[in-house]
Amino acid sequence: MELSGTLEAKYETKEFASGFKKREFVVNTGGDYPQAIKLEAHKDNITKLDGINVGDNITCAININGRLWEGNYYNNIVAWKIDTGASAPKSKAVAEDADLPF
């Protein structure tokens, strides 16, 4: 699943006693009904946020995680890939084999 929009806010990295680290950030989807959605980044994606400024357009590949803890349900939206669109353009595959059935 992907989520695209403008980086609205990014927060400091949080480190827990277990050694786990996460960094939360907010993406505003824009459009007619804009949504400000808080996501979190783990591992290598934490440092990717350093090079992205508030106001930049980004696209995030996300997973939605849910769990039950002490009788309450909690959800997290985890960005496992963050792209600004500023990377090198992807090469286009050339369809040379016209005799293929697909």
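Cluster annotation: Phe16 is not connected to Trp69 through the hydrophobic network of ILVMFWY side chains, with a link wherever side-chain heavy atoms come within less than 4.5 Å. Under the 4.5 Å side-chain heavy-atom criterion for grouping Ile, Leu, Val, Met, Phe, Trp and Tyr, Ile82 is connected to Ile37 within one hydrophobic cluster. If you chain together hydrophobic residues whose side chains sit under 4.5 Å apart, Leu3 and Ile77 fall into the same group.
Using a 4.0 Å cut-off between a side-chain N of Lys or Arg and a carboxylate O of Asp or Glu, Glu24 and Lys22 qualify as a salt bridge.
In this structure, OG1 in Thr59 is found 9.5 Å from NZ in Lys81, a value given to the nearest 0.5 Å. Distance NZ/Lys48 to SG/Cys60: 10.0 Å, rounded to 0.5 Å. Here CG of Leu39 is found 10.0 Å from CG of Asn76. Values are rounded to the nearest 0.5 Å. Here the OH atom belonging to Tyr73 is positioned 13.0 Å from the CZ atom belonging to Arg67, to the nearest 0.5 angstrom. Rounding to the nearest 0.5 Å places OG1 of Thr47 at 10.0 Å from NZ of Lys21. Rounding to the nearest 0.5 Å places CD of Glu40 at 9.5 Å from CD1 of Ile46.
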- Query: Given Phe20 and Lys14, is the side-chain contact (heavy atoms from CB on, under 4.5 Å) satisfied, shown in steps?
  - Reply: CA-CA 8 Å; Phe20 176 75; Lys14 295 178 184 177; over 6 Å; no
| query | When you look at Phe25 and Ile52, which way does the side-chain contact (heavy atoms from CB on, under 4.5 Å) test go after all the steps? | reply | CA-CA 11 Å; Phe25 62 103; Ile52 303 172; over 6 Å; no
Next on the checklist: Please evaluate residues Asn57 and Thr6 with respect to the criterion side-chain hydrogen bond (donor to acceptor under 3.5 Å, both in side chains), reporting the C-alpha separation (whole Å), side-chain torsions for both, the decisive distance (0.1 Å), and the verdict.
Outcome noted: CA-CA 4 Å; Asn57 289 323; Thr6 304; 3.1 Å; yes
message: Evaluate Leu68 against Tyr74 for side-chain contact (heavy atoms from CB on, under 4.5 Å), listing each step before the verdict.
response: CA-CA 6 Å; Leu68 173 65; Tyr74 296 91; over 6 Å; no
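For the pair Ala79 and Ile62, the tightest heavy-atom approach, listed with the atom from each and the gap, is CA-CG2, 4.2 Å. Closest non-hydrogen pair, Glu8 versus Ala36, comes out as OE2-CB, 3.8 Å. Scanning all heavy atoms of the two residues, the minimum distance from Leu49 to Ala41 falls at CD1-CB, 4.0 Å.
For Asp44, the CG atom sits in a loose shell: 12 or fewer heavy atoms of surrounding residues, nucleotides or ligands are nearer than 6.0 Å.
Asn28 and Gln35 share no side-chain donor-acceptor pair at under 3.5 Å. Side chains of Asn45 and Arg23: a donor-acceptor N/O pair is absent below 3.5 angstrom, by distance only.
In terms of the side chain to side chain donor-acceptor pair (under 3.5 Å) criterion, Lys10 has no residue partners (sequence neighbours excluded).
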